[in-house]
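One structure below.
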Amino acid sequence: MLELRFIRENIELITEKLEFRGIKNSRIGEFPALDQSRRDYLSEVEGLRNKRKTVSQEVAKRKKAQEDAEDLIQEMRQVNDRIKEIEGLLVTVEADLQDIVMSIPNMPHESVPFGNDDSANVELRTWGKSTTFSFEPKAHHELGEDNDTIDFKRAAKIAGARFALLKGFASRLERTLINFMLDLHTQRHGYTEVLPPFLVNTESMTATGQLPKFAEDLFKTGLSERDLWLIPTAEVPVTNIFRDETLPPGDLPVKYCAYTPCFRSEAGSYGRDTKGLIRQHQFDKVELVKFTRPEESDAELDALLADAEEVLQLLELPYRVVTLCSGDLGFSARKTYDIEVWMPAQNMYREISSCSNFGDFQARRGGIRYRPEGEKKSAFVHTLNGSGLAVGRTLAAIYENYQQEDGTIKVPEVLAPYFETRF
RNA sequence: GGAGAGGUGUCCGAGAGGCCGAAGGAGCACGCCUGGAAAGUGUGUAUAGUUAAUAGCUAUCGAGGGUUCGAAUCCCUCCCUCUCCGCCA
């Protein structure tokens, strides 16, 4: 969400940035008139409330003095009618205005390159050399089915398409990767581990920007009277930890990491990545989330990106980093780097992490503030997050990059301690 | 799910239609006192919106509605916490 005053004063800039993002039919043109009538109603209703307050005190005085106050009471009944009338209008106007404001995406950072879609993303760097084989490498799902560690058929029976059943080595590798990532980020990168709820309320989804615009991407529970949504990423519950709170300045930056399963409806992705673990309704992810001072968020994004990259470096998986172009940038993001891991069977890089700086966009929606040193007024923090990493895709990448000619999967060296026999 | 008790500022806690943005205490900040500290003592100490404004105005006593000229206070719905019962991992 952008600040009302900012929108008011920067209609042209916003229109330009919407165009930059490739967004058509925005309702930004309706903003000025609605904003004006909201402010007109607001000042009228506040004036009337003030009148009501002072006259009510006069009523109290007269009653105390045993005097008649019927004339004032009658007058106030009329004032009240008008207040109610304006309040009703205000509700409508504010709802309209809210619709518009909530549908305006974040302003992209100056460094975001222009482009229509992911083909215009800019490669920032590559790491490692693409894995070579003395045989024809197989796709991870073939490997998993061949060695009976990933069962898509039975998962489909149990739950439907886009689910997987991991067995034996695969499920242990999945669990190991979660532990490895959490250990790395907590022990070496200074993050505090949290384990949040996997179902959240509508307010939380709205603060981080999934709602109201992207409800169709989410799973919603149906039994409960109240709305509870399955989280599509740990970003939602973790960013909302400080919703409607003001942090003392000494606390920043706050760095959290969290493992959670993630649930996505994948509406509109029919036919894409139907094979394998790449696009599932449920997948595991270790997420990194930061709350920072505004002036530090750009540097903190670079650091967060490096933290995520280190996972792949330690696993010795080749990858590249790209800067998302304007057309590929997410709704709430100001700037995003994607990390893409090398997938030998597809002979291409696939996204395995997305690291974003949201500026104060989510913080304003969620009321996440801090008090700058020596200042009386609070300000909004900047929020950042990134996958560190998507676990299912990491498992897929290990399968493909570490496959042996006999169809077995070698364990990356850094994970060896996790595979020791315990019993 | 059933029965009951609650939710007030940083914290504890009073307040039961108007004099309440809210007593009192603790904490914190600044000052006095002191060789220094403690104790004592004085003053100050919510947030947000609007605004050029730390002036004014408006809102906020869990959330949302209602009654009333006027609601922290009365009524309704919901959320959360605690105790007991039931169910459950």
Pairs under 3.5 angstrom, nitrogen or oxygen only, protein versus nucleotides 50-52 of chain B, please.
from, atom 1, to, atom 2, distance (Å)
U51(B), OP1, Arg39(A), NH1, 3.4

Output one line per pair: protein atom, nucleotide atom from nucleotides 70-72 of chain B, and distance, for all N/O pairs under 3.5 Å.
from, atom 1, to, atom 2, distance (Å)
G70(B), OP1, Asn80(A), OD1, 3.4
G70(B), OP1, Asn80(A), ND2, 2.5
G70(B), O4', Ser56(A), OG, 3.2

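When the P atom of G18(B) is taken as reference, atom NZ of Lys63(A) falls 13 Å away, rounded to whole Å. Atom CG in Leu247(A) sits roughly 15 Å away from atom P in U47(B) (whole-Å rounding). Rounded to a whole Å, the CD atom of Glu58(A) is 17 Å from the P atom of C69(B). Here the C1' atom of nucleotide C57(B) and the CD atom of Gln57(A) are 14 Å apart, to the nearest Å. Atom CG of Asp81(A) and atom P of G66(B) are 13 Å apart (whole Å). The interatomic distance linking Glu203(A) (CD) with C78(B) (P) rounds to 17 Å, in whole Å. Atom-to-atom, CZ of Arg364(A) to C1' of G49(B) comes out at 13 Å; the value is rounded to the nearest Å. Rounded to an integer number of Å, the gap from Ile73(A) CD1 to U67(B) P is 17 Å.
Nucleic acid contact for Arg371(A): sugar-phosphate only, since backbone atoms but no base atoms lie under 4.0 Å from a heavy atom of the residue. Looking at heavy-atom distances under 4.0 Å, Val59(A) makes contact with a base. Across all strands shown, Lys84(A) has heavy atoms under 4.0 Å from sugar-phosphate atoms exclusively, and none from any base.
The one candidate from Ile398(A), Thr408(A), Leu143(A) that meets the side-chain contact (heavy atoms from CB on, under 4.5 Å) condition with Gln403(A) is Leu143(A). If you run side-chain contact (heavy atoms from CB on, under 4.5 Å) between Arg334(A) and each of Ser297(A), Ser356(A), Pro105(A), Ser111(A), only Ser297(A) comes through.
Using C1' as the reference atom, C61(B) and C80(B) are 16 Å apart when rounded to the nearest Å. On the C1' atoms, U34(B) is 13 Å away from U41(B), given to the nearest whole Å. Spacing of P atoms, G62(B) relative to A16(B), comes out at 16 Å, to the nearest Å. With P as the reference atom, G64(B) and A55(B) are 26 Å apart, rounded to whole Å. Of the P atoms belonging to U73(B) and G65(B), the separation is 14 Å, rounded to the nearest Å. G27(B) and A63(B) have their C1' atoms separated by 29 Å, given to the nearest Å. Rounded to whole Å, the separation between the P atoms of U8(B) and A3(B) comes to 25 Å. Separation of the P atoms belonging to A37(B) and U58(B) is 45 Å when rounded to the nearest angstrom.
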Can you check salt bridge (charged side-chain N to carboxylate O under 4.0 Å, His left out) on Lys51(A) and Glu75(A), steps first, answer last?
-> CA-CA 11 Å; Lys51(A) 183 170 186 189; Glu75(A) 190 192 344; 3.3 Å; yes

What do the steps show when you test Phe361(A) against Phe331(A) for ring-ring contact (aromatic ring centres under 6.0 Å, His included), and what is the final call?
-> CA-CA 10 Å; Phe361(A) 190 83; Phe331(A) 179 79; 5.7 Å; yes

Test side chain to side chain contact (heavy atoms under 4.5 Å, CB included) on Ile352(A) and Tyr319(A) and set out the steps.
-> CA-CA 9 Å; Ile352(A) 197 165; Tyr319(A) 68 86; 6.0 Å; no

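For Arg77(A) and Asp81(A), the salt-bridge test fails: no basic side-chain N is under 4.0 Å from an acidic carboxylate O. Looking at Glu266(A) and Arg279(A), a side-chain N of the basic residue comes within less than 4.0 Å of a carboxylate O on the acidic one, giving a salt bridge. Under the 4.0 Å criterion applied to side-chain N and carboxylate O atoms, Glu87(A) and Arg49(A) are assigned as salt-bridge partners. Salt bridge annotation for Glu44(A)-Arg82(A): present, with a cationic side-chain nitrogen under 4.0 angstrom from a carboxylate oxygen. Salt bridge present: Arg62(A) and Asp71(A) bring a charged side-chain N and a carboxylate O closer than 4.0 Å.
The side chain of Ser378(A) lies closest to U47(B), out of A59(B), U47(B), U68(B).
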The dot-bracket string of RNA chain B, counting Watson-Crick and G-U wobble pairs with both distances under 3.5 Å, using [ ] for crossing pairs and | for pairs to another strand, is ((((((((.[[[..)..(.....]]]((((((.......))))))(((((.....))))).[[[[[..)....]]]]])))))))....

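Lys64(A) has no side-chain polar atom (N or O) that falls below the 4.0 Å cut-off from OP1 or OP2 of G17(B).
When each of Ala379(A) and Lys51(A) is assigned the nucleotide of RNA chain B bearing its nearest heavy atom, the one mapping closer to the 5' terminus is Ala379(A).
Using a 4.5 Å cut-off on side-chain heavy atoms (C-beta onward), Asn385(A) and Leu288(A) make no contact. Proximity of Glu235(A) to Gln362(A): side-chain heavy atoms (C-beta onward) are separated by under 4.5 Å at one or more points.
Shortest non-hydrogen contact noted between Asp217(A) and Ala267(A) is OD1-O, 4.5 Å.
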